[in-house]
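Not measured: the values here are computed from a predicted model. The figures here come from the full heavy-atom set of this structure, side chains too, leaving out hydrogens, waters and symmetry mates. Each chain gets a letter, A, B and so on, in the order its sequence line appears, and its residues count up from 1.
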2 protein chains.
Amino acid sequence: MKNKSYNFFTHLANPTKFKIIMALKESPLSVTEIINTLKEEQSKISHNLKSLTQCHIVEVKKQGKKRIYELNKDTILPMIELVKLHARKYCLGKCHKD
Amino acid sequence: MKNKSYNFFTHLANPTKFKIIMALKESPLSVTEIINTLKEEQSKISHNLKSLTQCHIVEVKKQGKKRIYELNKDTILPMIELVKLHARKYCLGKCHKD
DNA sequence: ATCTCATATGAAAAATAAATCATATAACTT
DNA sequence: AAGTTATATGATTTATTTTTCATATGAGAT
């Protein structure tokens with residue numbers, strides 16, 4: 001294997017990270033807003049945001065004591081659309097894991 | 001979350017499955033050929049092929065006692081291209097997990 | 001029918017990833 | 001500078017995935 005492209009997918013393969021991505025698809029959000037939207041624990045969200053940021057799936061900007069997270073729509077949005085297409089065409093709306 | 005799209009990505013997020021996909025990118029292969037190409041254990045490959053098949057990332061056809069696995073290029077190929085693009089643009093060729 | 005080759009399967013073990021909990025840091029407020 | 005809000009971090013626990021190993025099945029050859 002040339003590169004570790006599969007690492008990239010570990011983010012999208014995770015329910016929590018995926019939910020975060022879906023939330024940020026609508027608009028940029030602060031950590032607190034993400035927590036409230038998803039009703040998940042603070043440190044859980046922070047940990048997940050960290051790895052998403054490191055892989056440039058999301059980007060952060062500081063705003064006072066808040067941190068606003070924004071989706072990298074350029075590549076992530078088409079990616080999500082592609083799975084939807086795959087699911088529609090080949091999995092009749094859902095794709096089973098096992 | 002409406003659908004379980006993230007399940008789809010679990011396949012691409014796995015090094016063994018990813019290697020299989022990369023091998024099948026070139027041409028359809030029998031299980032034995034995949035084993036020889038990747039130098040991996042038989043049952044390991046079989047298990048991995050099973051879930052890839054169930055998610056329609058690959059398709060099988062029987063040929064005597066062999067089973068030929070083929071990549072579903074329609075959706076998987078563009079998917080791989082998108083990660084490459086992402087890596088080039090945002091990760092300088094590689095995308096770290098942590 | 002038996003043998004061999006090709007592949008699949010199930011259960012247990014091993015590896016990996018994710019969540020949790022306690023605590024730390026950073027910036028603003030008073 | 002002490003308090004408070006917002007977020008991050010590290011270590012441990014917990015959960016999930018993957019591999020392994022032994023065995024089963026299926027198809028063609030003898």
Where do B/His11 and B/Ser51 come nearest, in terms of heavy atoms and distance?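 The pair with the smallest heavy-atom distance is NE2-O, 3.2 Å.
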Test side chain to side chain donor-acceptor pair (under 3.5 Å) applied to B/Glu59 - qualifying residues, sequence neighbours left out: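 Partners of B/Glu59 by the side chain to side chain donor-acceptor pair (under 3.5 Å) criterion come out as none, since no residue qualifies.
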Between [atom2] of [N] and [atom1] of [X], the distance in whole Å:
| X | N | atom1 | atom2 | answer |
| --- | --- | --- | --- | --- |
| A/Gln54 | D/dA8 | CD | P | 12 Å |
| A/Ile68 | D/dA6 | CD1 | P | 11 Å |
| A/Asn14 | D/dT14 | CG | P | 20 Å |
| B/His47 | C/dA14 | NE2 | P | 17 Å |
| B/Lys50 | D/dT19 | NZ | C1' | 15 Å |
| A/Leu29 | D/dA6 | CG | C1' | 15 Å |
| A/Phe9 | C/dA17 | CZ | P | 16 Å |
| B/His11 | D/dT17 | NE2 | P | 11 Å |

Find the bend of the helix from C/dA1-D/dT30 to C/dT30-D/dA1 as the angle between its two terminal axes (five pairs each), to the nearest 10°.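 The angle separating the two end axes equals 20°.
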Going by number, which of residues 33-46 of chain A have a non-hydrogen atom under 4.0 Å from DNA chain D?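 The stretch gives A/Gln42, A/Ser43, A/Ser46 as the residues lying under 4.0 Å from the strand, ordered by number.
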Please figure out whether A/Thr16 or B/Leu49 has its closest DNA chain C nucleotide nearer the 5' end.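 Closer to the 5' end of DNA chain C: B/Leu49.
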Using atom names, set out every protein N or O paired with an N or O of nucleotides 24-30 of chain D below 3.5 Å, distance rounded to 0.1 Å.
none

At under 4.0 Å, does any side-chain N or O of A/Tyr6 touch on OP1 or OP2 of D/dT18?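 No, no such contact exists.
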Is the shortest side-chain N/O distance from B/Asn48 to OP1 or OP2 of D/dT19 below 4.0 Å?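 Indeed, a polar side-chain atom of B/Asn48 lies that close.
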Do side-chain atoms of [X] reach the backbone of [Y] as a donor and acceptor pair under 3.5 angstrom?
| X | Y | answer |
| --- | --- | --- |
| B/Asn72 | B/Val58 | no |
| A/Lys73 | A/Lys25 | yes |
| B/Lys19 | B/Thr16 | no |

Quick one: salt bridge (Lys or Arg N to Asp or Glu O under 4.0 Å) pairs with a partner in residues 41-50 of chain A, sequence neighbours left out?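 For residues 41-50 of chain A: A/Glu40-A/Lys44.
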With sequence neighbours left out, which residue pairs that include part of residues 28-37 of chain B fulfil the salt bridge (Lys or Arg N to Asp or Glu O under 4.0 Å) condition?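 Output for this query is empty, none listed.
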Any chance you could measure [X], atom [atom1], to [Y], atom [atom2], to the nearest 0.5 Å?
| X | Y | atom1 | atom2 | value |
| --- | --- | --- | --- | --- |
| B/Ile45 | B/Asn36 | CD1 | CG | 10.0 Å |
| B/Ile76 | B/Leu12 | CD1 | CG | 6.0 Å |
| A/Leu49 | A/Ile35 | CG | CD1 | 8.5 Å |

Please work out whether the ring planes of B/Phe9 and A/Phe18 are parallel, tilted or perpendicular, with thresholds of 30° and 60°.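 Aromatic pair B/Phe9/A/Phe18 classed tilted.
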